[in-house]
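Below: the structure, in structure tokens.
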Amino acid sequence: MSNSVVVIKVGSSLISQGSRENSAFFKRLAKCIQKFRENDFDVVLVSSGAISYGMKKRGIEKKPKNIKQLQSLSAVGQIGLINDYQINFDKFKIEVAQVLLSHSDFKSETKSNNIKSSINNLLRWGITPIVNENDSVSTEEIEKGDNDQLSAKLANLISSKKLILYTDQKGLYSKDPRENKDAVLIDEVSLKALSNQKIIFGDSGKLGRGGMKTKLSAMKIFLINNQRTGYILSGHEKDLFVSLQNQKKRTRLKLI
Ligand code: GLU
């Protein structure tokens with residue numbers, strides 16, 4: 001029997017820290033991937049961070065607003081980003097491959113089939129695909145989503161039962177936690193219940209474009225039946241695999 005697939009998305013903020021913090025994060029992520037494999041899951045990673053790597057490479061501190069500049073910075077940074085994954089994951093014997101996609105690819109049946117077959121082939125070879133938006137040819141994620149929605153569309157295409165969004169926040173809160181001390185983390189929630197509630201969503205960080213709004217839009221794309229589970233949680237947790245099961249440390253989402 002073939003393994004189930006899990007899609008894990010990593011936000012820009014988690015790999016846009018100092019090089020020591022970055023390599024600590026790569027280490028925790030590699031251990032998480034190993035744990036999934038031990039539990040018969042193949043992992044497809046979606047990673048942002050090309051723009052922030054490009055900014056670092058070119059000595060730019062403030063993220064530009066101009067989309068063309070961001071596209072070019074992404075082209076500069078993608079090389080370093082994937083190299084860092086390769087170097088850090090090699091230590092854990094996790095072989096990686098780079099896959100660059102755009103939203104429009106999912107609209108074409110031929111391209112969708114190509115994506116599916118190349119990813120499945122990589123997984124059969126025991127290789128972890130690392131996906132990012134192809135920023136030179138498309139701008140959807142640069143403009144709105146830090147790859148949240150791209151990862152949901154990919155998860156749908158490859159029939160993943162789990163979509164995990166690691167970010168720099170703990171998950172969804174009952175109120176805006178920056179302004180309300182009594183805000184509590186929502187550990188379990190259904191999309192149906194969410195649509196009846198007004199939840200204050202966090203903005204994106206300085207480097208990414210995610211925020212809870214785009215994460216929730218991603219979950220709306222992904223959670224089409226109750227066999228699927230979505231997670232939003234902090235990538236700063238010590239054990240990224242164990243924190244998925246800890247209701248104090250994540251928001252778990254279902255359709256109903
Ligand atoms: N593809 C972009 C990157 O890797 C997404 C992040 C963003 O929108 O800032 O940097």
Query - Polar side-chain atom of Asn156 near backbone of Ile221 as donor-acceptor pair, under 3.5 Å - result: yes

Spell out, yes or no, whether Val189 and Phe222 are grouped together once hydrophobic residues are joined by side-chain heavy atoms under 4.5 Å, including indirect joins. yes

Got more than 12 heavy atoms from elsewhere within 6.0 Å of NZ, Lys153? yes

For Ile94 and Ala30, the nearest pair of non-hydrogen atoms, with its separation, is CD1-O, 3.6 Å

Q. Are any of the side-chain heavy atoms of Val99 and Leu122 separated by less than 4.5 Å?
A. yes

Exercise. Backbone N or O of Leu240 within a donor-acceptor pair of the Tyr166 side chain at under 3.5 Å?
Worked result: yes

Leu154 vs Ile119, side-chain contact (heavy atoms from CB on, under 4.5 Å): CA-CA, chis, key distance, verdict
CA-CA 10 Å; Leu154 181 62; Ile119 286 187; 3.8 Å; yes

request  = Look at the side chain of Ser12 and the backbone N and O of Ser48, then say whether any donor-acceptor pair between them is shorter than 3.5 Å.
outcome  = no

Rounded to the nearest 0.5 angstrom, the OG-CD distance for Ser13 and Gln169 is 8.5 Å

*Does a donor on one side chain and an acceptor on the other come within less than 3.5 Å for Asp84 and Tyr53?*
yes

Hey, any chance Phe92 and Phe25 share a hydrophobic cluster, counting ILVMFWY side chains that come within less than 4.5 Å of each other, even indirectly? yes

(Q) Is there a continuous path of hydrophobic side-chain contacts, each under 4.5 Å between heavy atoms, that joins Leu29 to Phe36? (A) yes

d(Ser52 OG, Ile60 CD1) to nearest 0.5 Å is 12.0 Å

Q.
Determine whether a donor-acceptor pair (N or O, by modelled atom type, separation under 3.5 Å) exists between the side chain of Arg228 and the backbone of Leu255.
A. no

Note: Asp187 and Gln247 closest approach over all heavy atoms is CB-O, 3.1 Å

Shortest non-hydrogen pair, Thr128 vs Val43, comes out as CG2-O, 3.6 Å

| said: Set out, in order, the CA-CA distance, both residues' side-chain angles and the distance that settles side-chain contact (heavy atoms from CB on, under 4.5 Å) for Leu216 and Leu253, then state yes or no. | reply: CA-CA 10 Å; Leu216 216 68; Leu253 299 103; 4.0 Å; yes

To the nearest 0.5 Å, atom CG of Asn114 lies from atom OG1 of Thr110 at 7.0 Å

Original post:
Between Ser19 and Asn22, is any side-chain donor less than 3.5 angstrom from a side-chain acceptor?
Top reply: no

Rounded to the nearest 0.5 angstrom, the CD-NZ distance for Gln69 and Lys63 is 12.5 Å

Rounding to 0.5 Å, atoms NZ (Lys170) and OG (Ser243) come to a distance of 10.5 Å

- prompt: Between the main-chain N or O of Ser102 and the side-chain N or O of Asp105, is there a donor-acceptor pair closer than 3.5 Å?
  reply: yes

So CD1 of Ile130 and CD1 of Ile8: to nearest 0.5 Å the spacing works out to 11.0 Å

For Glu140, is there any backbone N or O sitting under 3.5 Å from a side-chain donor or acceptor partner on Ser138? no

**Asked** Does the pair Glu95 and Trp125 meet the rule for a side-chain contact (heavy atoms from CB on, under 4.5 Å), with working shown?
**Response** CA-CA 9 Å; Glu95 204 178 332; Trp125 286 350; over 6 Å; no

Would a distance-only check, ignoring hydrogens and angles, find a side-chain to backbone donor-acceptor pair under 3.5 Å from Asn39 to Lys35?
yes

Residue set satisfying side chain to side chain donor-acceptor pair (under 3.5 Å) with Ser4, at least two apart, ordered chain then number -> none

Could you check if a side-chain atom of His236 sits within less than 4.5 angstrom of a side-chain atom of Leu14, using non-hydrogen atoms only? yes

* To do: Report yes or no: does Arg250 contribute a side-chain atom to a donor-acceptor pair with the main-chain N or O of Tyr231 at less than 3.5 Å?
  => no

Between Lys161 and Thr229, a side-chain donor and acceptor under 3.5 Å | no

Note: Phe89 and Phe26 closest approach over all heavy atoms is CE1-O, 3.5 Å

Between Met219 and Ile232, the two heavy atoms sitting closest are CE-CG1, 4.1 Å

Side-chain heavy atoms nearer than 4.5 Å, only ILVMFWY residues, links allowed to pass through others: does that put Val5 and Phe41 together? no

Validation: residues 70-81 side-chain donor-acceptor distances under 3.5 Å, sequence neighbours left out:
residue: Gln71; atom: NE2; partner: Asp135; partner atom: O; Å: 2.7
residue: Gln71; atom: NE2; partner: Ser136; partner atom: O; Å: 3.4
residue: Ser72; atom: OG; partner: Lys68; partner atom: O; Å: 3.1
residue: Ser74; atom: OG; partner: Asp135; partner atom: OD2; Å: 2.6
residue: Gln78; atom: OE1; partner: Asn132; partner atom: ND2; Å: 3.0
residue: Gln78; atom: NE2; partner: Gln98; partner atom: OE1; Å: 3.0

Worksheet item: Are any side-chain N or O atoms of Thr167 and backbone N or O atoms of Gly11, one a donor and one an acceptor, separated by less than 3.5 Å?
Response: no

Between Leu101 and Leu150 the two heavy atoms that sit nearest each other are O-CD1, 4.2 Å

Is it true that, when you exclude Lys31 itself, more than 12 heavy atoms of the residues, nucleotides or ligands shown sit nearer than 6.0 Å to its NZ? no

Do the side chains of Ile51 and Ile15 join up, straight or via other hydrophobic residues, at under 4.5 Å, putting them in one cluster? no

(Q) Using the rule given for side-chain contact (heavy atoms from CB on, under 4.5 Å), can you reason through Lys248 versus Leu185, listing the C-alpha separation, both sets of side-chain angles and the distance that settles it, and then say yes or no? (A) CA-CA 7 Å; Lys248 290 197 185 114; Leu185 182 73; 5.8 Å; no

Sidechain-backbone polar pair: Ser151 side chain, Lys9 backbone, donor-acceptor under 3.5 Å: no

